[in-house]
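Atoms within a ligand are numbered from 1 in the order they appear, just like the ligands themselves. Atom set for the values below is all heavy atoms of this structure, side chains included, hydrogens, waters and symmetry mates excluded.
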Amino acid sequence: MVEFRFDIRPLFTQPIVKVTSNLLPHTFRGDRRQCLDATSKMSEIIDRLGQLSANAQKLNTPVTTAQRLRMSENQTIYLLADINQGNNGAVIGLLKVGTKDLYLFDETGQTRKVENTPCILDFYIHESRQRAGLGKDLFETMLADEKWTPIKCSVDRPSEKLLGFLKKHYSLVRTIPQANNFVLYEGFFDDGSSSAATKQTNGAGNGMYITNSPNTQLFGATYLGEENNKKRMQRHLEATPNLASQITQISPVGRYGARRPTCSMAEIIHSGTTPTKGAESGSVGQQKVDFVIENLQNLQIEENNEFELLQQQQQDRSNAIEDDLQTQPDIEEPELSNEIESNMEHATNTTGAENETSNSQQNSSFAHSPSQASKSASIIGSDSHKSPPTFQLSKQHTGMKNRSYGVGMAVTPTTKMEFDQESREDFGVVKINRPLGKCALSPSTSHPADDVISTVSSGEGLTEQGYNDLKFYHNKLW
Ligand SMILES: CC(=O)SCCNC(=O)CCNC(=O)[C@H](O)C(C)(C)COP(=O)(O)OP(=O)(O)OC[C@H]1O[C@@H](n2cnc3c(N)ncnc32)[C@H](O)[C@@H]1OP(=O)(O)O
């Protein structure tokens, strides 16, 4: 028996009292001062019995303390005392119970979340009073007060003595294996009017367990009876095969559902039809790849034929020029031969070689008539059957820059400036190269090869000497 330095009889007006988080016996009546005194004394009793229980169970730390009881809202301690023991009475035993939300396995191994599960948390009868039936008295008082039944109680890590106790008094033997430290007995999940568990689950009965899921909060309790579970499983199995098709049939929404712009590559690959669905099967994709390769090969063949045709035309024109030379002895033969050779090089190096050839013919006539040359120069390669670049060539295209002289000098708005622009040989379009102070040859005379192929500007843009004359007027914003 556990005696204290104070008289326990004011606290124990009856042999078994119930204590909750206020640390006062449920039978307590008194003023503020008496309340504080009672709380202090009850805390000492609870701590003392809790320590003895831990010792009896060989626990390192007590399961039951006054501080833990104060901090818990759903735990209750039943205390058994013998007020006739000694001068101050004696406390004999302790039983702590409470409710917990637990995930438990039922007899079929299915996991269930059970709210407000009745739990036996701590149980202790002083060694000097064990096996005298006092434990059963305490336990029965608890069951009556909580309105529980033994089979609906879970036991937190029961000792061998408690297992014997439950077996002897309540015939609880067959347990349901759990993943946690709680022990359940067969019949815990059975439906029954006397089920304490069902009373704790908000009055739900007949296999209805209320889970704390969002669906429960929104739509009410979830019925987890065996029949109900079978129906749910059957519905799930029936719905599963259609799940994949449902996912694949989900059409994109929002910005993913917006119509995509036409893809030029897709137009080529898919023969003018922009794909609107996902990747196609391997066989169809391979066919389209073959189709593209075949088109590319056809284009290559056409390119080769075209090149052969150009070579033939070039040869014909060379022969015609030679014939003209024979009929025009006043033209220097070496210059023309150089021109032809130069044109031949362009014809073999670039796909636009025919432009050079036609230009050379026109420029050859320009050697004799600058006006005609200026007219033909304004349409670069326009007589070619192969389309030349239709855009105006600029510094961004040629990579060249206009080199002006005297720009930094003080000029009047009417000051005229001449520019010398050099073009790259491989570009083959413009070549105006006249250094400052260089005396231009008369257009009536033969021109060097560089100037012969000049193809820029109209007649108004030419200087008196027949060269390109770009007029730039001074502008404040320039
Ligand atoms: C969840 C928990 O709290 S687990 C911890 C349980 N507490 C402990 O183990 C602490 C030590 N033991 C005790 O305090 C007590 O033995 C209790 C609380 C288990 C039982 O209290 P008692 O007053 O002995 O129970 P009561 O007299 O009503 O029942 C007796 C039966 O309990 C069991 N029992 C009680 N004491 C013992 C013991 N020392 N050894 C084996 N079995 C015992 C027996 O089945 C016994 O029946 P029997 O005498 O015919 O064999």
Original post:
Polar-atom distance check: A56 versus ligand 1, any N or O pair below 3.5 Å?
Top reply: no
**OP:** Show which atoms of ligand 1 fall inside a sub-4.0 Å distance from at least one heavy-atom site of D122.
**Re:** 3 (O)
Original post:
With a cut-off of 4.0 Å, which atoms of ligand 1 are near a heavy atom of Q57?
Top reply: 4 (S), 5 (C)
Original post:
Is the closest N or O pair between L162 and ligand 1 shorter than 3.5 Å?
Top reply: no
**OP:** Applying side-chain contact (heavy atoms from CB on, under 4.5 Å), run through Q314 and L310 and close with a yes or a no.
**Re:** CA-CA 6 Å; Q314 181 67 34; L310 289 174; over 6 Å; no
Subject >> Nearest protein heavy atom with distance in Å, relative to atom 50 (O) of ligand 1 >> reply: K168 NZ, 2.7 Å
**OP:** Answer yes or no: is there a side-chain heavy-atom contact under 4.5 Å between T64 and L121?
**Re:** no
Original post:
Applying a strict 4.0 Å limit to heavy atoms, is E127 in contact with ligand 1?
Top reply: no
Original post:
Going by heavy atoms in the side chains, are Q178 and L184 under 4.5 Å from each other?
Top reply: yes
Original post:
Mind checking whether F165 and F139 have ring centres under 6.0 Å apart?
Top reply: yes
Original post:
What is the nearest protein non-hydrogen atom to atom 13 (C) of ligand 1, stated with its residue, atom name and distance?
Top reply: Q130 NE2, 3.3 Å
**OP:** Specify the protein heavy atom at minimum distance from atom 35 (C) of ligand 1: its residue, its atom name, and the distance to 0.1 Å.
**Re:** R131 CG, 3.6 Å
**OP:** Using a strict cut-off of 4.0 Å, indicate which atoms of ligand 1 neighbour a heavy atom of K136.
**Re:** 28 (O)
Subject >> Heavy-atom nearest neighbour in the protein, as seen from atom 8 (C) of ligand 1, with distance rounded to 0.1 Å >> reply: S159 OG, 3.5 Å
Original post:
For D31, does the CG atom have more than 12 heavy-atom neighbours from other residues, nucleotides or ligands under 6.0 Å away?
Top reply: yes
Subject >> Atoms of ligand 1, numbered as shown, that sit under 4.0 Å from any heavy atom of G164 >> reply: 45 (O)
Original post:
Considering only the protein, which heavy-atom contact is closest to atom 26 (P) of ligand 1, and what is its distance?
Top reply: H169 NE2, 3.7 Å
**OP:** Walk me through it: do D37 and K41 pass the test salt bridge (charged side-chain N to carboxylate O under 4.0 Å, His left out)?
**Re:** CA-CA 6 Å; D37 181 67; K41 293 178 178 175; 3.0 Å; yes
Original post:
Minimum heavy-atom separation for V63 to R68, with atom names?
Top reply: O-NH1, 3.3 Å
**OP:** Answer with yes or no whether the side chains of Q51 and N55 bring together a donor and an acceptor at under 3.5 Å.
**Re:** yes
**OP:** List the steps and the verdict of side chain to side chain donor-acceptor pair (under 3.5 Å) for T13 and T27.
**Re:** CA-CA 7 Å; T13 56; T27 58; 3.1 Å; yes
Original post:
Should you measure from each heavy atom of D156, which atoms of ligand 1 turn up under 4.0 Å away?
Top reply: 1 (C)
Original post:
Nearest protein heavy-atom contact for atom 7 (N) of ligand 1: which residue, which atom, what distance?
Top reply: F123 O, 2.7 Å
**OP:** Around atom 12 (N) of ligand 1, find the nearest protein heavy atom and jot down its residue, atom name and distance.
**Re:** K161 CD, 3.2 Å
Original post:
So is R157 in contact with ligand 1, going by heavy-atom distances below 4.0 Å?
Top reply: yes
Subject >> Interfacing atoms of ligand 1 (cut-off 4.0 Å, heavy-atom, A132) >> reply: 27 (O)
Original post:
Would L166 and Y185 satisfy side-chain contact (heavy atoms from CB on, under 4.5 Å), going step by step from the backbone distance to the final call?
Top reply: CA-CA 10 Å; L166 294 173; Y185 290 94; 3.7 Å; yes
**OP:** Go through D82 and R129 one step at a time and tell me if the salt bridge (charged side-chain N to carboxylate O under 4.0 Å, His left out) criterion holds.
**Re:** CA-CA 11 Å; D82 182 2; R129 296 290 185 95; 3.1 Å; yes
Subject >> Element-labelled atoms of ligand 1 that are located less than 4.0 Å from some non-hydrogen atom of I120 >> reply: 1 (C)
**OP:** Identify, by atom number and element, the atoms of ligand 1 in contact range of P158, meaning under 4.0 Å from any of its heavy atoms.
**Re:** 4 (S)
Original post:
Can you name the closest pair of heavy atoms from I8 and A90 and give their distance?
Top reply: CD1-N, 3.2 Å
Subject >> Test side-chain contact (heavy atoms from CB on, under 4.5 Å) applied to E146 and T99, T141, V97, the passing residue >> reply: V97
Original post:
Hey, is atom 43 (C) of ligand 1 touched by any protein heavy atom at less than 4.0 Å?
Top reply: yes
**OP:** Around atom 23 (O) of ligand 1, find the nearest protein heavy atom and jot down its residue, atom name and distance.
**Re:** G135 N, 2.9 Å
